[in-house]
Amino acid sequence: MVDVTEKEMDNPTFRSDTVLSDVHLHCPNKRHLMVRLNAVGQPVFLSYFKFLWNTEDLASEKHMEEVKTGREHQYRGGDELCNKDRSNLKKERELNSEGVEALLDDDGDLEVVRRPPSASDLEAEDLLRDIVCPVILMKGREDAFEDEEQECTCSDVVKIEHTMATPLEDVGKQVWRAAFLLADYILFKRDTFRCCSVLELGGGTGITSIIMGTVAKRVYCTDVGEDLLAMCEQNVALNKHLMEPGGGEVKVKELDWLKDEFCTDPEVPYSWSEEEIADLHDHCSVIMAADVFYDDDLTDALFRTLHRITHSLRNSCTVYLALEKRLNFTLRHMDVTCEAYSHFRNNLNDLENLQDRKIKYTVEPIKADFCQFLVYERIEQLELWKVMAEHLT
């Protein structure tokens, strides 16, 4: 749980059992506006994620690419920097040999005399810091967002309600980078998805389904948990104006990968009607999932769900899977590993090699060099995979 009190909002701290998405952690010069507490007492924030539509933003994107290129040159030029350091060290040694005596301590280490910082230095340092802190709304939402609405038009941003940090079981309430990668690909290949019927597995906050809803005919955005689905439905409503021009529709539904059947109980929120299940089976041609491969058991369940649903569809379909390859140091291996990613790849290979007389699965990676339409950091660990499920009979 997030350990945040009213006195601590200026410097929020999170307990050790929470997970915080890099999307929310690295959000410079943005305000995270807390709008409410959800049903389980977690703070809910509203963020604006900006599109790179105009020339000014495209110039910013170019600047981001230049920074990225600069980092790559920095890594590649490591040997050159080392050589330069060696050269400087050699010059220093020559200088010392000419009569400049270095200050050494009793152990022979170089002793560096540092000037104590003055009060003015500390004040200047504080002024340079750009602390990103949540802001509690003390008035109506319309007044609180007046400044943001003056800076951007409705078509410039996606408005997403989300949490800032959660236990692992609630990570779907945050926004993750792989969702932006998949959203970029949808906008880049918008003609491919135009007028399609789409199913998203593990939709979370719904940002990818909302982007898909701007080009597709109908999107079934699915996940589990009434509170998460209510947040997703709220996000769909906040961005309805983006989907209206194309006539797209996003339906928020429950779909539990650990169960073999759709929930059709009318008493259960976000359950399916028989007509909706029939529509999905008859018309769905695209299935997608973004950043849902973090737990081995859930990864296994997702691939079982993919296999079951693709067999139930009337037509062949294409599956798009986006994820971030996360590096973790494990005591078991005493090394940096990507266990969740390795398990995902094993499942992907098993799916492609599956001996199935009804469907043939073909897997291929999609190179992440397409245009970027949303403001986020597209790191090299982001991957996008395409799985074609072709009916043989």
Side-chain angles (χ1 to χ4, degrees), residues 1-6 9 12 14-21 23-25 32-49 134-137 141 144-145 158-176 178-179 199-213 219-240 249-259 261-273 276 288-295 297-298 301-302 305:
M1 295 293 292
V2 183
D3 187 14
V4 181
T5 64
E6 184 175 355
M9 288 304 292
F14 304 108
R15 294 177 181 170
S16 58
D17 62 344
T18 58
V19 180
L20 179 61
S21 169
V23 171
H24 310 310
L25 185 64
H32 298 296
L33 299 172
M34 178 178 165
V35 293
R36 60 184 172 86
L37 295 176
N38 61 19
V40 295
Q42 296 168 332
V44 176
F45 302 87
L46 178 64
S47 292
Y48 284 25
F49 298 104
V135 178
I136 298 182
L137 296 185
R141 291 191 183 190
F145 300 137
V158 182
K159 305 174 186 177
I160 296 294
E161 285 194 359
H162 59 87
T163 56
M164 283 281 286
T166 61
L168 187 62
E169 61 268 21
D170 285 336
V171 291
K173 296 177 182 178
Q174 300 185 59
V175 182
W176 300 89
L199 170 67
E200 181 175 13
L201 301 174
T205 60
I207 186 169
T208 309
S209 284
I210 290 168
I211 298 300
M212 180 65 84
V219 182
Y220 291 100
C221 180
T222 67
D223 215 310
V224 291
E226 184 177 348
D227 188 63
L228 172 58
L229 293 172
M231 178 188 292
C232 181
E233 189 173 54
Q234 170 67 8
N235 288 332
V236 172
L238 285 173
N239 297 279
K240 190 176 180 180
E249 176 187 21
V250 176
K251 291 190 173 186
V252 179
K253 296 293 176 182
E254 177 185 304
L255 202 161
D256 191 339
W257 307 340
L258 301 177
K259 297 179 181 179
E261 302 294 335
F262 293 93
C263 178
T264 56
D265 185 352
E267 300 297 323
V268 177
Y270 307 104
S271 60
W272 297 72
S273 67
E276 289 169 337
M288 61 181 184
D291 230 333
V292 295
F293 307 102
Y294 56 89
D295 178 87
D297 293 335
L298 289 179
L302 180 136
T305 301

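The figures that follow rest on heavy atoms only: side chains count, while hydrogens, waters and symmetry mates do not.
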Atom CH2 in Trp272, atom NZ in Lys251: separation rounded to 0.5 Å?
9.0 Å
As an exercise, state the distance from CD of Glu226 to CE of Met231, rounded to the nearest 0.5 Å.
13.0 Å
Check the surroundings of atom CD in Glu169: do more than 12 heavy atoms from other residues, nucleotides or ligands lie under 6.0 Å from it?
yes
Pair Glu276-Tyr220, side-chain donor/acceptor within less than 3.5 Å
no
If we ignore hydrogens and angles and just use 3.5 Å, is the side chain of Asn235 paired with the main-chain N or O of Glu161 as donor and acceptor?
yes
Student check: side-chain heavy atoms of Pro43 and Leu37 closer than 4.5 Å
yes
Within the distance-only criterion (no hydrogens, no angle test), does the side chain of Asp227 pair as donor or acceptor with the backbone N or O of Ala39 below 3.5 angstrom?
yes
Any heavy-atom pair between the side chains of Leu255 and Thr305 that's under 4.5 Å?
yes
Looking at every non-hydrogen atom in both residues, tell me the closest pair between Cys221 and Gly203 and how far apart they are.
SG-CA, 3.9 Å
Step by step, would you call Leu20 with Gln174 a side chain to side chain contact (heavy atoms under 4.5 Å, CB included)?
CA-CA 8 Å; Leu20 179 61; Gln174 300 185 59; 3.9 Å; yes
Give a yes or no answer on whether the side chain of Trp176 reaches the backbone of Val171 with a donor-acceptor pair at less than 3.5 Å.
yes
Looking at Leu302 and Trp257, what are the two nearest heavy atoms and their distance?
CD1-CH2, 3.3 Å
Val292 vs Leu201 side-chain heavy atoms within contact, under 4.5 Å
no
So, Asp170 side chain and Lys173 main chain: donor-acceptor pair closer than 3.5 Å or not?
no
Interatomic distance, CD1@Ile211 vs CE@Met288, rounded to 0.5 Å, equals 9.5 Å
Any idea which heavy atoms bring Val35 and Leu46 closest together, and the distance?
CG1-CB, 4.0 Å
Could you tell me if the side chain of Ile210 sits less than 4.5 Å from the side chain of Ile160, heavy atoms only?
yes
Looking at OG1 of Thr18 and CE of Met164, how far apart are the two atoms once the value is rounded to the nearest 0.5 Å?
11.0 Å
Can Asn239 and Val250 be said to form a side chain to side chain contact (heavy atoms under 4.5 Å, CB included), step by step?
CA-CA 10 Å; Asn239 297 279; Val250 176; over 6 Å; no
Any idea which heavy atoms bring Asp223 and Gly204 closest together, and the distance?
OD2-N, 2.9 Å
Less than 4.5 Å apart, any side-chain heavy atom of Tyr270 and any of Leu228?
no
Any idea which heavy atoms bring Glu254 and Pro269 closest together, and the distance?
OE1-O, 4.3 Å
Correct closest heavy-atom pair for Ala179 and Ile207 would be CB-CG2, 3.9 Å
Is a side-chain N or O of Ser271 found less than 3.5 angstrom from the main chain of Asp265, in a donor-acceptor match?
yes
Starting at OH of Tyr48, measure out to CG of Leu238 and round the result to the nearest 0.5 Å.
8.5 Å
For the residue pair Ser209 / Glu200, report whether a side-chain donor-acceptor contact shorter than 3.5 Å exists.
yes
To the closest 0.5 Å, what do you measure between NE2 (His162) and OG1 (Thr205)?
8.5 Å
